[in-house]
Amino acid sequence: MRIPLIAGNWKMHKTVRESVDFARGLLEAIGEVNGVEVAVAPPFTALHPVAEVLKGGPIRLAAQNIFWEESGAYTGETSGPMLAEAGCSLVIIGHSERRQYFGETDETVNRRLFAALAAGLHPIVCIGETLEQRQAGQTFEVVTSQLEGGLTNAGADQIGSVVIAYEPVWAIGTGVTATPEQAEEVHHFIGQTLAERYGEGLAQTTRILYGGSVKPDNIRELMACENIDGALVGGASLEIESFAAIAGFNKG
Ligand code: 13P
């Protein structure tokens with residue numbers, strides 16, 4: 001049984017004050033959460049203030065990145081223990097924007113994965129093909145190599161706390177959502193790949209989120225797919241009304 005996870009990735013949006021106000025409003029708008037986990041990933045500056053607002057409530061806190069060393073002379077970086085103490089329980093790793101603009105590779109994703117696990121954080125590992133790769137028929141190949149590279153040396157016991165996010169790059173911020181059929185095809189493939197590597201039991205419990213232009217009006221059809229276990233939401237997570245609607249996809 002996989003409990004769906006709806007996570008909002010705020011990217012580089014919202015100051016501390018905006019984040020705190022938003023978190024308060026979101027708590028009110030979402031109310032009770034049943035049968036779904038909800039998380040938000042504010043920018044680093046707002047993590048701790050937002051954690052204070054969310055404390056004791058149903059919304060979990062995620063960071064958008066993590067560095068692999070615990071401490072040291074690494075100007076500009078943030079470690080696992082720092083994120084955990086700030087109140088995070090999840091961390092997004094290997095987002096395509098980090099791969100595109102900041103030189104993230106499968107190898108660095110893998111290092112971040114172990115740093116997250118060591119700090120007791122659940123990594124949300126992002127994978128997904130570009131439009132060119134899809135058009136060249138390389139989707140499964142790309143997804144397999146990102147999955148295998150990102151999870152290198154992780155044992156079955158560690159995979160238990162990992163969440164995978166399939167985010168086709170061509171669907172991010174474009175308004176073009178993968179159709180439920182396109183997403184489900186890749187999610188099913190990821191599930192099979194996990195089953196081959198880690199066994200059927202673990203694959204059955206590992207959540208695979210979809211990300212890319214998720215909106216209130218497409219969340220239900222996506223969530224109706226057997227292998228889609230939640231969503232990583234960008235743009236639509238920046239407004240209380242739309243994110244609350246997405247997080248409440250299973251209400252009435
Ligand atoms: P959009 O929902 O804005 O397409 O962004 C998706 C995303 O990148 C979430 O991590």
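We count ligands from 1, going down the list as the structure has it; atoms in each ligand are counted the same way.
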#### Entry: Option whose closest heavy atom lies nearest to atom 1 (P) of ligand 1, chosen from S213, A41, G211, G128
S213

### Task
Please state which part of N9 comes within less than 4.0 Å of ligand 1, counting heavy atoms only: side chain, backbone, both or neither.
side chain

### Task
Verify whether one side chain among T108 and E104 offers a donor that lies under 3.5 Å from an acceptor in the other.
yes

### Query
What's the shortest distance from atom 6 (C) of ligand 1 to any protein heavy atom, and which residue and atom give it?
G234 N, 3.7 Å

### Message
Less than 4.0 Å is my threshold; does some heavy atom of K215 fall inside it relative to ligand 1?
### Response
no

### Message
Distance under 4.0 Å to a non-hydrogen atom of A171: what atoms of ligand 1 satisfy this?
### Response
4 (O)

### Task
Say whether S96 and ligand 1 are in contact under the criterion: heavy-atom distance to a ligand atom below 4.0 Å.
no

### Message
With side-chain hydrogen bond (donor to acceptor under 3.5 Å, both in side chains) as the test, pick out the partner of N227 among E184, E185, R207.
### Response
E184

### Message
Looking only at side-chain N and O atoms, does E200 offer a donor or acceptor that is under 3.5 Å from a partner on Q204?
### Response
yes

### Message
Testing L232, V143, I228 one by one against Y166 for a side chain to side chain contact (heavy atoms under 4.5 Å, CB included), which residue passes?
### Response
V143

### Message
List ligand 1 atoms under 4.0 Å from G235, heavy atoms only on the residue side.
### Response
1 (P), 2 (O), 3 (O)

### Query
Taking atom 9 (C) of ligand 1 as the point of reference, which of E167, Q64, E97 owns the nearest heavy atom?
E167

### Task
Take the angle between the ring planes of H187 and Y210 and call it parallel below 30°, perpendicular above 60°, tilted in between.
tilted

### Task
Check whether any heavy atom of A236 sits under 4.0 Å from an atom of ligand 1.
no

### Query
What orientation do F189 and F140 show, parallel under 30°, tilted 30 to 60°, or perpendicular over 60°?
parallel

